[in-house]
Amino acid sequence: MRIAVTYENGQVFQHFGHTENFKIYDIADNKVVSSNIFPTLGSGHGALADFLKMYNVDILICGGIGGGAQTALAQAGIKLFGGVSGNADAAVEAYLSGGLDFNPNVMCSHHGEGHTCDGHHEGEHSCGSGCH
């Protein structure tokens, strides 16, 4: 099994569509056997789902994530555990022990200027129409 975590400075990065790195963990016998950091090269949410599929990821642990990205992950067959914060390694260990604190109804909540979940800005989109 492979688990990917949105990753920045040892922590679970809080905006899936803007993550610059994934830390991917190889799991055997319910234990981490190896992990590596992979740069995303600035891809958007659809491309990020394809990136994870290319690396044979089964599970994604992340912070905020929008509906469009959730759909792309589901279509790629990747199980999502969103709304997670804190240390990336600890999140994976918590998942493996059955104690990961996640939000099954997570939506994006960390946005830059000009982007909002509950409104529509010119040149932008709302979460309901495919937020990354």
Side-chain angles (χ1 to χ4, degrees):
M1 172 174 52
R2 282 193 135 180
I3 299 173
V5 179
T6 52
Y7 188 80
E8 183 178 67
N9 298 322
Q11 302 296 304
V12 177
F13 186 68
Q14 292 301 299
H15 195 156
F16 174 78
H18 292 277
T19 193
E20 294 182 7
N21 296 291
F22 286 107
K23 189 167 185 181
I24 298 179
Y25 301 78
D26 288 305
I27 311 299
D29 297 322
N30 212 43
K31 295 185 186 333
V32 175
V33 294
S34 68
S35 63
N36 291 290
I37 298 169
F38 295 89
T40 64
L41 307 174
S43 302
H45 71 267
L48 290 174
D50 289 341
F51 178 93
L52 294 173
K53 188 174 182 180
M54 181 179 71
Y55 281 95
N56 299 311
V57 168
D58 302 294
I59 293 167
L60 171 68
I61 296 173
C62 68
I65 185 167
Q70 291 180 30
T71 298
L73 290 168
Q75 289 172 345
I78 298 168
K79 191 168 182 180
L80 170 65
F81 292 87
V84 178
S85 61
N87 182 277
D89 294 347
V92 171
E93 291 297 332
Y95 171 80
L96 294 173
S97 69
L100 181 63
D101 184 19
F102 70 99
N103 179 354
N105 299 312
V106 69
M107 289 299 284
C108 55
S109 61
H110 302 276
H111 295 285
E113 293 177 19
H115 186 96
T116 179
C117 280
D118 55 7
H120 185 82
H121 291 248
E122 187 174 340
E124 294 292 330
H125 58 268
S126 67
C127 286
S129 64
C131 177
H132 26 84

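Since the structure is predicted, the reported quantities are computational estimates derived from the model, not experimental observations.
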Pairing residues for Lys53 by the side-chain contact (heavy atoms from CB on, under 4.5 Å) criterion, not counting sequence neighbours | Ala76
Answer yes or no: is there a donor N or O on one side and an acceptor on the other, between the side chain of Thr40 and the main chain of Thr19, under 3.5 Å?
-> yes
Which value, rounded to the nearest 0.5 Å, describes the distance between Ile65 atom CD1 and Thr71 atom OG1?
-> 9.5 Å
Starting at CZ of Arg2, measure out to CG of Leu52 and round the result to the nearest 0.5 Å.
-> 10.5 Å
Inter- and intrachain pairs under side chain to side chain donor-acceptor pair (under 3.5 Å), touching residues 84-95, at least two apart = Lys23-Asp89, Tyr25-Asp89
Among the clusters formed by ILVMFWY side chains lying less than 4.5 Å apart, do Phe16 and Val5 turn up in the same one?
-> no
State yes or no: do Leu80 and Ile61 share one hydrophobic cluster built from I, L, V, M, F, W and Y residues joined by side-chain heavy-atom distances below 4.5 Å, directly or via other members?
-> no
Check whether any side-chain N or O of Gln14 sits under 3.5 Å from a backbone N or O of Val12 as a donor-acceptor pair, and report yes or no.
-> yes
Nearest heavy-atom contact between Phe81 and Val84 is O-CG2, 3.7 Å
Begin with the C-alpha distance, continue with both residues' side-chain angles, and end with the deciding distance and a verdict on side-chain contact (heavy atoms from CB on, under 4.5 Å) for Phe13 and His18.
-> CA-CA 9 Å; Phe13 186 68; His18 292 277; 4.1 Å; yes
Under the ring-ring contact (aromatic ring centres under 6.0 Å, His included) test, which residues partner Tyr7, sequence neighbours left out?
-> none
Would Phe22 and Phe51 count as a close aromatic pair, with their ring centres under 6.0 Å?
-> yes
Joint hydrophobic cluster, Leu96 plus Ile24, side-chain heavy atoms closer than 4.5 Å | no
Would Ile3 and Tyr55 show up in the same hydrophobic cluster when neighbours are defined by side-chain heavy atoms closer than 4.5 Å?
-> no
Heavy-atom pair of closest approach, residues Gly63 and Thr6 | N-OG1, 3.9 Å
Heavy-atom distance under 4.5 Å between the side chains of Asp58 and Ile27, does that happen here?
-> no
Contacts table for residues 32-39: side-chain donor-acceptor under 3.5 angstrom, sequence neighbours left out:
| from | atom 1 | to | atom 2 | distance (Å) |
| --- | --- | --- | --- | --- |
| Ser34 | OG | Asp26 | OD2 | 2.9 |

Between CD1 on residue Ile59 and CG on residue Leu73, distance to nearest 0.5 Å = 12.0 Å
Kindly give the heavy-atom pair with the smallest separation between Ile78 and Ala49, and that separation in Å.
-> CD1-O, 4.0 Å
